[in-house]
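Before any comments, here is the structure.
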2 protein chains.
Amino acid sequence: MASRRHIIADDLRTQISTGRIKAGERLPSEAQLAARYAVSTPTLRNALAVLQGEGLVEKIHGRGNFVRHPVRRITYVGGGRRPDADTATDAALRMSVRTTHLPARGDLTTLLRVSASSPLIEFLCISHAETSPHSLARIYVPRDLAPADGPGESAIRQGVWARLSELRPPLAEVEERVSARFPTPREAATLRISSALPVLAVTRVATDTAGRVVEVARVVLPGDRADALFTRHTMSGDRRTEE
Amino acid sequence: MASRRHIIADDLRTQISTGRIKAGERLPSEAQLAARYAVSTPTLRNALAVLQGEGLVEKIHGRGNFVRHPVRRITYVGGGRRPDADTATDAALRMSVRTTHLPARGDLTTLLRVSASSPLIEFLCISHAETSPHSLARIYVPRDLAPADGPGESAIRQGVWARLSELRPPLAEVEERVSARFPTPREAATLRISSALPVLAVTRVATDTAGRVVEVARVVLPGDRADALFTRHTMSGDRRTEE
DNA sequence: GAGTGGTCTAGACCACGAG
DNA sequence: TCGTGGTCTAGACCACTCA
């Protein structure tokens, strides 16, 4: 029942958790490890894939396999009107934003409840922490809701979200659909992760009190270093609808 | 940039979406497909893994690869006090429940905020729809909150959740942490999915108005056929705490 | 038992990163 | 250039399903 990859993964896992291999250290090369465990390279790579999925090991092409620092987990906080995944703690993450004008098409027309070719603005946000990118968000807003084109990239960070929050009727509903899947080749390249590692994908639809969809966001987070957190406070006396 | 597996996956995907291969149909055997595309079996299997991850194809050991019916998606509804993942629509899913008494240990002590070895009850819930199992939930409740042992399995469905809902102070907070990861070998065997397919894992912590943790649930859903849905209604005039 | 997928082998060749 | 990981090959053998 226990396949070889799991036996090897278990062995390496205990070596990591007991500190025999320390965080940040490089593992021996895959060829060396394959020789040590007397398995072929694909099998050894499968064992490493298990550890990657657990967030214990990070592969870097051309350099080697590294033991991950266990702390580095991102938390996407749901239910809000945040532009992007935020770490709960440090705000010291750089974020790059690229703005694109485009017509509505495909799923977006359904989600935003607009007609095809309706003008949209896409904000493509990539946040980095330290060296590696770690979240990708594509945010779509009907163009008439977006701020004027003038201010340029730098103003977006405080600009768009503040305006959407304050100049518009408050949001009535935020709906977030979360799924676990593999990244598209495009997403894998952008996030610099293996396309064999699962990602957490969040599709967020925000509706204002008038029932208009004011924002659709597609957030992709690497599964090995991110969680999504949803909290619901039930006021006392508030009977939740049981349906 | 386009690897062979993706080229093959793209070809099969269009054959499926254009209806040349219909839902429910069996694909040719992997050996036949490998011969047709002139690749080795591992490469062809990688191509099928891509489609599996997209939820288009389901492998059944000893039988073949089948085109999935696109409708069959489960939705886990967050924020509630539901025992398990429910389909939004049909209640025609069988669920088996196994009850186990066990002492608190590991993460559970932290999550439930009880001391180690504190008595717990575990409800292991497996829900089936049609032929295949499609969700696994392990629910942990402090033993003094659980109903008397008497009623037996059959009463649990309406029993536990009704009691927890009504006999106790109402829940004050439900916190759900979602992650994308690979299943443990145990989970893969229970859900009858490949251990190479990502799952959506939800850890739900429910707290009552007295601040006591009354339930911890670990829900595992196959990523290729499940989403989690979280909805937040913001009352007009209700300024959400901006952190 | 025949046919299927699941795992593994022992290499090969290509792409990336660093000196 | 050299060592690294990324992808692929052409088989082998085992486990599962069904007749």
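Numbers restart at 1 for each chain; the letters A, B, ... are given by sequence-line order, proteins then strands.
- The distance between atom CD of B:Glu58 and atom P of C:dT4, rounded to the nearest whole Å, is 18 Å.
- The interatomic distance linking A:Asn46 (CG) with C:dT7 (P) rounds to 9 Å, in whole Å.
- How far CD of A:Gln52 is from CZ of A:Arg45: 8.5 Å, rounded to the nearest 0.5 Å.
- Ring geometry for B:Phe230 against A:Phe230 counts as parallel: the plane angle stays under 30°, on a 0 to 90° scale with 60° as the upper cut.
- Contacts of B:Thr41 with the nucleic acid, taken as non-hydrogen atoms under 4.0 Å apart, include base atoms.
- In terms of position along DNA chain D, the nucleotide closest to A:Asn65 lies nearer the 5' end than the nucleotide closest to the other residue of the pair A:Pro42 and A:Asn65.
- Taking a cutoff of 4.0 Å between a charged side-chain nitrogen and a carboxylate oxygen, A:Asp224 and B:Arg181 do not qualify as a salt bridge.
- Between the CD atom of B:Glu30 and the P atom of C:dC8 there is a distance of 16 Å, rounded to whole Å.
- The phosphate of C:dT9 has OP1 or OP2 within less than 4.0 Å of a side-chain N or O from A:Arg4.
- Here C:dT7 is the nucleotide among C:dT7, D:dT4, C:dG6 with the atom lying nearest to any side-chain atom of A:Arg5.
- Classification of B:Arg138 and B:Glu122 as a salt-bridged pair fails, no side-chain N sitting under 4.0 Å from a carboxylate O.
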For this session: Check step by step if side chain to side chain contact (heavy atoms under 4.5 Å, CB included) holds for A:Glu58 and A:Asn65.
Result: CA-CA 6 Å; A:Glu58 175 165 18; A:Asn65 293 278; over 6 Å; no
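- Taking atom CZ of A:Phe66 as the reference point, atom C1' of C:dG17 lies 11 Å away to the nearest angstrom.
- Atom-to-atom, CG of A:Leu33 to P of D:dT4 comes out at 11 Å; the value is rounded to the nearest Å.
- Here the nucleotide nearest the side chain of A:Ser40, chosen from C:dG5, D:dT9, C:dC8, is C:dC8.
- Listed candidates were D:dG5, C:dG6, D:dC8. Nearest to the side chain of B:His61 is C:dG6.
- The CG-C1' distance, from A:Leu197 to D:dG5, rounds to 14 Å in whole Å.
- Atom NE2 of B:His6 is separated from atom C1' of D:dG6 by 12 Å (rounded to the nearest Å).
- Of the side-chain N and O atoms in B:Arg45, one or more sit less than 4.0 angstrom from OP1 or OP2 of C:dG6.
- Within the 4.0 Å cut-off from OP1 or OP2 of D:dC18, at least one side-chain nitrogen or oxygen of B:Arg63 is found.
- Side-chain nitrogen and oxygen atoms of B:Thr43 include at least one within less than 4.0 Å of the OP1 or OP2 phosphate oxygen of D:dT9.
- Here D:dG6 presents its C1' atom at 13 Å from CG of A:Leu48, a figure rounded to the nearest Å.
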